[in-house]
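Report on the structure given below.
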Amino acid sequence: MWNKILSKLNIIRGLLWLAAVTVMFLILPHPDRQSYSYELEQPWRYPLLTADFDMPILRDSASANAMRDSIDRTFIPFVQRNPQIAQQNIERFKTAISQNSPVASVSLLSGLLTNVYSRGIVEASVYEKIHQDPSHRLRISENDADENAVITINGTDMLSPKRAFLYIDSAYMAASGADSHLDENIIKALNVCLTPNIIIDTVADNKYRSQEYLNVNGALGVIKKGQKIVDRGEIVTPQIFTNLNTYTEMLVTRENDTQQQTYFTVGQTLYIAIVFTILYLFLHIYRSSFFGDVRKMIFLISFISIFCIFAVIMVETVAAGLYLVPFATVPVVIMIFFDARTAIFALLTTVLISALVATYQFSFIFLELLAGLCATFSIHQLSKRSQLLRTAFISFAAYTVGYVAITLLGTGLLDDFSWRMIGYFAINSVILSFAYIFILMLEKIFGFTSMVTLVELSDINNPILRQLAEQAPGTFQHSMQVSMLAAEGARAIGANTQLVRTGALYHDIGKMESPIFFTENQHGVNPHEGLDPETSAQKIISHVTEGLRIASRAKLPSVIKDFISQHHGRSLTRYFYNTAVNNNPEVEIDKTKFQYPGPNPQTKETAILMMADCVEAASRSLKDYSATSIGNLVDNIVNSQINEGLFKESNISFRDIETVKETFKKRLATIYHSRVAYPKINKGNHDNTNSSEEEHKSTGLKI
């Protein structure tokens, strides 16, 4: 059966590893998505960049625009004459004015209109172009049989519609007399009939203009494969900027080098697989209990993957967005739920994978590890929300100092120091300070318990503990003593002190249902008298199941329930079992009826509680509190538990057990130390008796 379980776990872990590697491979950039972030007139911060293929050297945009502007200014327009426009407009003009004008005027005006059309009427823009050119040239393309002939003509005499109107008006006045003016009908007719008969030849104009643009768009040269494009520290000039644009565009669209892309893909996949494999090996060797818990493994791998995906999204959407990702949150959250070494390995895994999208990979890895480790060291145990503010400040300081170091290391100067990066680090640290919200979400989703929750549960004003103090005051005092004793033992061997302290406070809450059946709550009346041993045993054993029921109703975390179910393990209610055996010497007694449901302790913390619970309860029955008596009591109880095999399923070692035993002995010796007997006052000094007694009571002197 165990082989099947282990096989199933291995399959789940393997699928989890494969899913993580696959997701990272799909989300991370591939060769066809590689890009560089660079700005004009700023230093190139990447390593030496060489061409992976032959690429043209194109003119930079500023020079190209200047050349295009120069071509447009000096370009001689292509036009064509349309004789039909002149003929049609002259006839239309005659028809329009013949009814209301004298014959002489019609003849004069028609002649003037014929004259301006013979000179040529062009659009206003062309007229301006002609007079901007000192030689006043225009070109006409004539399609011959053999070739396209281009004729250059002089456009000095050509007129725009406005100029043609003014010419006709002035000529008419000169011929007809100074007082003669064009009437309204003639003006309307001229406005309609004065349209250009020399128009732009769009086809020829675009053709020859494009030919001249070839000098602008054409390559100035070629950068051969392997030649330098730009080196680290070089200023990105307009020409280098254009070369980089050309390179990145060709890099995206070029698909003929499939072998290189294949090698890159294989290398990237292998890199991701190696990083996750190292994490798996660490967990398998040093955190076997964590590695064997599917829920914890799903959380860890999902947590790391989500941060890596978020990092890629930030890189793709925000400039320098990678430094807005609060990577220090990874070790902080994991350490709060588990331990520091697992947290550091998770940070290392997340940073190494995210470095694949970093612009400056060395700087990124250094800064994120520095900030993450400082955050981890600053928050050994999170017991207050305010600690996250301190951690955020320390993280920000680490970022800033590390950034200054990297800047000096790169150039030896602070010329490249950017306050914008300091702003990114500040935003990053502010996000880290809100990690408490994230912690609460994870507690709800995965059922983990943070240190903050344990501290809140250990408050004796908690409703359950207050109810325990009211209904079973003896049990409450016993739990308080066990809590202090177990916490000392946990501290001595490096176990989770807060977890043990909190679990001890709740381990006997089931006694609230029938407090009178437990010695510490009895006051002269023992309800077990008159009951058979089996019934009494069941009453005692029931406090475990009742405790679990109360814990479920109060929605206590599972780690607290573990202390309730495991603090007696699968041990026997020895007193009632022995009584049953003695009362029925000829009958074989069924041990299962006197046995706690268990399971036995599964962790160091629950094992410590089992020892502390029995030792504290038994110490109350001692008549002699000498060091020898206390030492024998502790040794006998703990050794008996070892002999019963109650600690075999926990990860506590014999060395840890010996350390806990010694801690218990010292703690109990301190609690049950002897007092100095106060001397009595002689009768002659009777007046001072009361004051002395009151003095003793008020000072509470103990030695």
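Numbers here simply count residues along the sequence, with the first being 1. What you are looking at is a predicted structure, and each value in this text was computed from that prediction instead of being measured.
Side chain of Ser288 to main chain of His284: no donor-acceptor pair is present (N/O by atom type, distance under 3.5 Å, no hydrogens or angles). Under a 3.5 Å cut-off, the side chain of Gln566 and the backbone N or O of Pro599 do not form any donor-acceptor pair. For Arg667 (side chain) and Leu485 (main-chain N/O), no donor-acceptor pair under 3.5 Å exists by modelled atom type. In this structure a side-chain-to-backbone donor-acceptor pair under 3.5 Å is present from Tyr280 to Trp17. In this structure, the side chain of Tyr506 engages the main chain of Leu457 through a donor-acceptor pair within 3.5 Å. In this structure a side-chain-to-backbone donor-acceptor pair under 3.5 Å is present from Gln602 to Asn600. Of the possible donor and acceptor atoms, one in the side chain of Thr22 sits under 3.5 Å from a partner among the backbone N and O of Leu18. Of the possible polar contacts, one joining the Asp339 side chain to the Arg341 backbone as a donor-acceptor pair under 3.5 Å is found. Side-chain atoms of Ser629 do not come within 3.5 Å of backbone N or O of Tyr625 as any donor-acceptor pair.
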Test side chain to side chain contact (heavy atoms under 4.5 Å, CB included) applied to Phe393 and Ser429, step by step: CA-CA 7 Å; Phe393 177 78; Ser429 300; over 6 Å; no
Check against side-chain hydrogen bond (donor to acceptor under 3.5 Å, both in side chains), Thr603 and Ser650: CA-CA 5 Å; Thr603 63; Ser650 68; over 6 Å; no
Derivation of the side-chain hydrogen bond (donor to acceptor under 3.5 Å, both in side chains) call for Thr453 and Glu443: CA-CA 9 Å; Thr453 300; Glu443 283 187 317; 2.6 Å; yes
Verdict with supporting geometry, His567 and Asp508, side chain to side chain contact (heavy atoms under 4.5 Å, CB included): CA-CA 9 Å; His567 75 278; Asp508 272 346; 3.2 Å; yes
His478/Asp613 under side chain to side chain contact (heavy atoms under 4.5 Å, CB included): CA gap, chis, key distance, verdict: CA-CA 8 Å; His478 162 70; Asp613 185 36; 2.7 Å; yes
Working for side chain to side chain contact (heavy atoms under 4.5 Å, CB included), residues Leu468 and Ile464: CA-CA 6 Å; Leu468 178 65; Ile464 295 180; 5.6 Å; no
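Between Phe307 and Phe303, the ring centre distance stays below 6.0 Å. You'll find the ring centres of Phe338 and Phe290 inside the 6.0 Å limit. Aromatic rings of His528 and Phe576 (six-membered ring for Trp) have centroids within the 6.0 Å cut-off, being under it.
The heavy-atom pair separating Ile608 from Phe664 by the smallest distance is O-CZ, 4.1 Å. Closest of all the heavy-atom pairs between Pro585 and Asn582 is CD-O, 3.6 Å. Considering every non-hydrogen atom in both Glu456 and Asn462, the closest pair reads O-ND2, 4.3 Å. Residues Gly489 and Val660 approach most closely at O-CG2, 3.9 Å, considering heavy atoms. Nearest heavy atoms, Gly510 versus Ile550: CA-CD1, 4.2 Å. Taking each heavy atom of Asn521 and Thr475 in turn, the nearest pair found is ND2-OG1, 2.8 Å.
In this structure, Lys511 pairs ionically with Glu520, as a charged nitrogen and a carboxylate oxygen lie closer than 4.0 Å. One finds a salt bridge joining Arg549 and Glu546 here, because a Lys/Arg side-chain nitrogen approaches an Asp/Glu carboxylate oxygen to under 4.0 Å. Between Glu616 and Arg620 there is a salt bridge, since a side-chain N of the basic residue sits under 4.0 Å from a carboxylate O of the acidic one.
Within the cation-pi definition used here (under 6.0 Å to the ring centroid, within 45° of the axis), Arg13 qualifies as a partner of Phe291.
A distance of 12.5 Å separates OG in Ser565 from NE2 in His507, rounded to the nearest 0.5 Å. One finds the CG atom of Asn632 at 8.0 Å from the OG atom of Ser626 (value rounded to the nearest 0.5 Å). To the nearest 0.5 Å, the span separating CD on Glu488 from OG1 on Thr497 amounts to 8.5 Å. Rounding to the nearest 0.5 angstrom, the gap separating the CD1 atom in Ile274 from the CD1 atom in Ile353 is 11.5 Å. Put simply, CG on Leu505 and OG on Ser483 are 4.0 Å apart, with the number rounded to the nearest 0.5 Å. Separation of atoms OG (Ser302) and CG (Leu16) is listed at 6.5 Å; rounding is to 0.5 Å.
Within 6.0 Å of the NZ atom in Lys561, the count of heavy atoms belonging to other residues, nucleotides or ligands exceeds 12. The neighbour count for Arg553 CZ, taken as heavy atoms of other residues, nucleotides or ligands under 6.0 Å away, is above 12. Shown here is Lys665, whose NZ atom has more than 12 heavy atoms of other residues, nucleotides or ligands within 6.0 Å. For NZ of Lys539, the number of neighbouring non-hydrogen atoms (other residues, nucleotides, ligands) closer than 6.0 Å is 12 at most.
At least one side-chain heavy atom of Thr342 sits less than 4.5 Å from a side-chain heavy atom of Phe282. Using a 4.5 Å heavy-atom threshold, the side chains of Ile642 and Met611 count as separate. Ile460 places a side-chain heavy atom less than 4.5 Å from the side chain of Met480. Side-chain contact between Ile540 and Ser536 is absent, with no heavy atoms from C-beta onward closer than 4.5 Å. Taking the side chain as every heavy atom from C-beta outward, Leu454 and Ser458 never approach each other to under 4.5 Å. Using a 4.5 Å heavy-atom threshold, the side chains of Ile439 and Phe337 count as touching. Looking at Val500 and Thr606, their side chains never come closer than 4.5 Å, going by heavy atoms from C-beta outward. Looking only at side-chain heavy atoms (C-beta outward), Phe594 and Pro533 come within less than 4.5 Å of each other.
For the 3.5 Å distance criterion, the side chains of Asn496 and Lys604 fail to qualify, holding no donor opposite an acceptor. A donor atom on one side chain and an acceptor atom on the other are not found under 3.5 Å apart for Glu513 and His543. Between the side chains of Asp532 and Thr535, a donor-acceptor pair is found at a separation under 3.5 Å. Under the 3.5 Å distance criterion, with hydrogens and angles disregarded, no donor-acceptor pair is assigned to the side chains of Asn643 and Ser640. Side chains of Thr502 and Gln498: a donor on one and an acceptor on the other come within 3.5 Å. No side-chain N or O of Asp656 forms a donor-acceptor pair with one of Thr659 less than 3.5 Å apart.
Residue pairs meeting the salt bridge (Lys or Arg N to Asp or Glu O under 4.0 Å) criterion with at least one partner in residues 566-581, sequence neighbours excluded, are Arg574-Glu644.
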